[in-house]
Every structure is written in structure tokens, then in C-alpha cells.
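Labels below follow one simple rule: chain letters A, B, ... track the order of the sequence lines, proteins then strands, and each chain is numbered from 1.
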Protein chains: 2
Amino acid sequence: MATRTDAPTRREQILKEAARLFAERGFHGVGVDEIGAAVGISGPGLYRHFAGKDAMLAELLVGISDSLLTGAKRRLAEADGVAGSDTGPEAVLDSLIEGHIDFALDDRPLITLHDRELDRLRDADRKMVRQLQRQYVELWVGVLRQVYPAVPEPSARSAVHSVFGLLNSTPHLGRPGSLPGRAVTAALLHRMARGAFAAVAAE
Amino acid sequence: MATRTDAPTRREQILKEAARLFAERGFHGVGVDEIGAAVGISGPGLYRHFAGKDAMLAELLVGISDSLLTGAKRRLAEADGVAGSDTGPEAVLDSLIEGHIDFALDDRPLITLHDRELDRLRDADRKMVRQLQRQYVELWVGVLRQVYPAVPEPSARSAVHSVFGLLNSTPHLGRPGSLPGRAVTAALLHRMARGAFAAVAAE
DNA sequence: CAGGGCGGTTAGCGGTCGTTAACCTGAGGG
DNA sequence: CCCTCAGGTTAACGACCGCTAACCGCCCTG
């Protein structure tokens with residue numbers, strides 16, 4: 001696994017700043033001049049890197065959804081592990097939760113965007129993002145139903161969406177610094193997510 | 001308690017449609033002409049009822065925050081009930097959860113707006129909404145700490161924000177109709193919220 | 001029956017926004 | 001040493017948007 005030490009490319013700077021601005025003020029609330037200014041170039045210079053404002057949002061949203069799904073698939077595969085010595089479904093669920101929490105804590109603007117600006121995408125992009133999101137949800141539903149086989153599928157799906165709401169609440173927890181420390185927050189969120197799931201199963 | 005049978009006033013129609021549109025496409029994504037069209041009048045006719053587009057958003061957000069807080073205060077007072085025969089804190093917590101769920105299920109667009117478009121308000125309005133929201137949170141925190149006295153205050157506050165995230169996830173649960181029925185959904189959310197809170201307390 | 005105001009209408013103004021056009025500059029390669 | 005081209009710049013255009021101006025008809029009241 002190669003850790004990246006190289007400086008971020010211009011495209012990456014732009015995407016990062018655009019994500020922050022879109023999350024703060026909404027897609028329509030940010031002008032291309034502001035995005036340019038945030039990376040030290042001005043307005044139309046962005047068009048050397050992106051086809052338009054829409055393209056930036058599209059790349060951000062597809063990127064998020066894809067990386068969430070990819071991460072989840074990897075965790076699922078790792079847990080299935082070497083044949084025979086397979087980890088329990090509880091551990092897989094914990095791993096999924098941990099991954100989602102890492103994402104929510106480390107990429108707050110993206111988490112904010114990803115359920116807020118979806119409708120601003122062109123049809124093709126929106127369809128792709130929706131499909132990735134759906135796959136991600138279904139992956140969680142599958143694991144959840146291995147842990148709690150008694151829970152019917154519609155309830156499991158609702159529960160997963162609700163726990164996403166819980167985990168994605170990090171942007172409302174105050175600026176990072178007023179928090180009691182990242183690890184503590186992560187542990188708290190993890191426990192709450194497990195508690196919420198357990199309550200679904202409890203008759 | 002008088003049930004209102006009268007037809008909704010023009011102002012109320014406008015507010016309702018504006019809330020729906022703002023929630024769907026974002027404050028900046030909706031034009032005044034669209035809002036007008038949604039109530040059968042056109043564009044500038046709105047200015048007979050509101051000072052401007054901002055004023056509609058302000059009235060919506062202040063209204064939501066205020067009605068949430070007022071409802072919560074009422075429930076708290078009812079629970080304290082007749083002197084001496086006071087309901088347990090668990091029941092109060094359940095009542096708060098129930099009230100919030102009713103709101104999230106019945107006024108989805110407002111729930112969406114209320115944590116999404118706050119920054120589009122004028123300073124004075126935003127300050128007022130923030131204050132109402134803070135009071136609402138602190139009321140929950142107080143009740144939660146009566147139920148689980150061992151939970152330190154910062155954790156309780158984070159937990160409350162997270163459970164709001166959980167309860168406010170209803171807009172992601174698909175259109176009302178794909179849901180397994182309102183009562184079932186409400187019960188599920190209620191159980192999950194209690195489960196999440198319980199998990200905070202469990203060491 | 002006069003008149004006033006409530007609740008509409010259309011036209012249009014001023015500003016902003018996304019995007020394009022035209023131009024410039026500095027570094028790398030034949 | 002020139003040519004190219006990636007990555008900028010500023011100017012400007014066309015569309016759109018929030019809001020105001022000016023006007024109008026209906027209903028209610030004195």
C-alpha cells in the first residue's frame with residue numbers, strides 16, 4: 001500500500017475547495033470565481049481543468065459513492081478471509097461501521113454533499129451515483145441480516161438508512177476541536193450505531 | 001383545542017409550496033416565479049404576502065424551530081403533571097422522541113430545510129433560529145441525563161445530535177407509500193433511538 | 001353609488017452567474 | 001533558437017433572477 005507523499009495536483013486542490021464551498025453554501029450558492037479564488041487562480045481558469053461547474057460536482061459525488069462502496073467491498077472480502085477461518089458477521093458489521101465513521105469524520109464536506117446536492121446532477125451522473133449508493137446500502141443490509149436473521153428486509157433497509165443518518169450527523173457536532181477528541185467521538189458513534197441496530201432486532 | 005377546518009390562507013399555501021420546492025432544489029435553486037406558479041399566481045404576486053424570498057425562508061425556519069421547542073416544552077410540562085404524581089423521565093424521553101418522529105414524518109420538507117438552509121438567513125434570523133435549536137437540544141440533554149445520570153454532558157449532547165440525525169433520516173426512506181406504513185416506521189425509529197441512547201450509557 | 005384597498009397582472013431594471021473568446025507567458029524538446 | 005502547449009489572464013456576452021413600478025379589477029363599506 002503506497003502512501004502518497006507527492007503534492008496534491010491542481011485538480012485535487014480544486015475538488016477539495018469546491019467540496020468545502022459547496023457544503024458550506026450549497027451548489028447554487030457558490031460562484032466559479034470563488035472556487036478559483038480558493039485555489040489562487042481566478043474564475044475561468046478552472047475551465048482548463050473541468051468542463052464546467054457541474055462536472056466538478058459530478059466528479060465529487062461519483063467519487064464519494066464509489067469510494068464508499070469500494071471500501072465496503074474490500075472490508076467484506078477481508079473478513080471472508082482465508083477459506084474456513086472466516087470472521088463472524090458481527091465483526092464485518094463493526095468493520096463497515098468503522099469505515100463509514102472514518103469517512104464521516106475525515107471528509108465532512110463530502111458527507112454533507114452526498115445526500116444534499118444529488119439532484120443537481122445530469123441524469124446520467126445521477127443515475128450512476130444512485131446505483132452506487134443502492135449497492136452500498138444493499139451490502140449493509142446483507143450483513144445486517146446475517147447478524148440479525150429475524151429482521152425482515154424492509155425493516156433492515158430502513159434501519160440502515162437511519163443509521164447512516166446517525167453516522168452522517170458529524171457535521172452538526174460542532175467544529176473539530178469542540179469535540180471530545182476524534183477517537184472518543186468515533187467510539188461513541190460506533191456504540192450508538194450498534195445499539196440502534198440491536199434495538200431493531202429486539203422484539 | 002380547536003381543530004382547524006378552515007381553508008388554508010394564501011400565505012400558508014405559499015409557505016407550504018416554498019418549503020417543498022426549497023427542500024427539493026435548494027433555496028438558490030428555486031425562483032420566485034416557480035413558487036408563484038405552484039400556488040397559481042405568478043412571480044411578483046408573492047410580494048403582496050412576503051417582503052422577499054429571504055423572508056419566506058426565515059419564516060419557515062423560525063417556525064420550525066419554534067414549534068419543535070414549544071412542543072417539547074409542552075410535553076415536558078405535561079409529564080411533570082399534577083404535583084406529586086410525576087411521570088418518570090423515561091416516559092418524558094419517549095414523549096420527546098415521539099414528538100420529533102411525528103414532526104419528521106409529517107413535515108419532511110421542513111425537516112430537510114432546517115439543517116440545510118440555515119446559512120442563507122440574515123444574521124438576526126439565523127441567530128434566533130440557532131438559539132431556538134440550542135434550547136431544544138439542551139432540553140433533550142437535560143431529560144437524557146435524568147434517564148442516564150452516568151453519561152457526561154458532552155457525550156449526551158453529541159448523542160442527542162446523532163439521534164436527531166437518525167430521526168431526520170426519514171426523507172431518505174423513500175416516498176411515503178414505499179414505507180411499511182407510518183405507524184410501523186414510527187415504531188422502528190422510536191426503538192432505534194432508544195437503543196442508540198441506551199448504548200451511550202452502556203460502558 | 002363612490003371609493004379605497006387587497007391581491008393580482010405585465011414590463012422592465014440592475015446585478016450576478018456560467019461560460020466563451022482572445023490573448024499571454026514560461027518551460028521543455030527537436 | 002524556435003515552436004508548442006499547458007495553464008493562466010481579462011473582457012465580454014447572454015441568460016437568468018430578485019425585485020420594483022405601474023396598472024387594474026373586484027369586493028366591501030359608508
Between CD1 of A/I14 and C1' of D/dG8 the distance, given in whole Å, is 11 Å

Can you sort out the partners of B/K73 under side-chain contact (heavy atoms from CB on, under 4.5 Å), two or more places apart, ordered by chain and number?
B/L69, B/Q135, B/L139

Looking at A/D119 and A/R130, does any basic side-chain N land under 4.0 Å from a carboxylate oxygen?
yes

Rounded to whole Å, the CZ-P distance (B/R48 to D/dT20) equals 11 Å

Spell out protein contact along nucleotides 10-20 of chain C as letters: B when the base is contacted, S when just the sugar-phosphate is, - when no protein heavy atom is under 4.0 Å; keep the 5' to 3' order.
BB------SBB

Can you tell me how far C1' of D/dA6 sits from CZ of A/R10, to the nearest Å?
12 Å

Excluding sequence neighbours, so at least two apart, what forms side-chain contact (heavy atoms from CB on, under 4.5 Å) with A/A193?
A/I97, A/V163, A/L167

Integer-rounded Å distance: D/dG8 P and A/L46 CG:
9 Å

Applied to residues 7-39 of chain B, the ring-ring contact (aromatic ring centres under 6.0 Å, His included) test, sequence neighbours excluded, yields B/F22-B/F27

Among residues at least two apart in sequence or on other chains, which ones pass ring pair (Phe, Tyr, Trp, His ring centres under 6.0 Å) with A/F197?
none

How close or far is atom P of D/dG8 from atom CD1 of A/I41, stated in whole angstroms?
5 Å

Anything under 3.5 Å between a donor and an acceptor, one on a side chain of residues 39-51 of chain B, the other on a protein residue two or more places apart or in another chain? List them.
none

Just how far, in rounded Å, is C1' of C/dG8 from CZ of B/R11?
17 Å

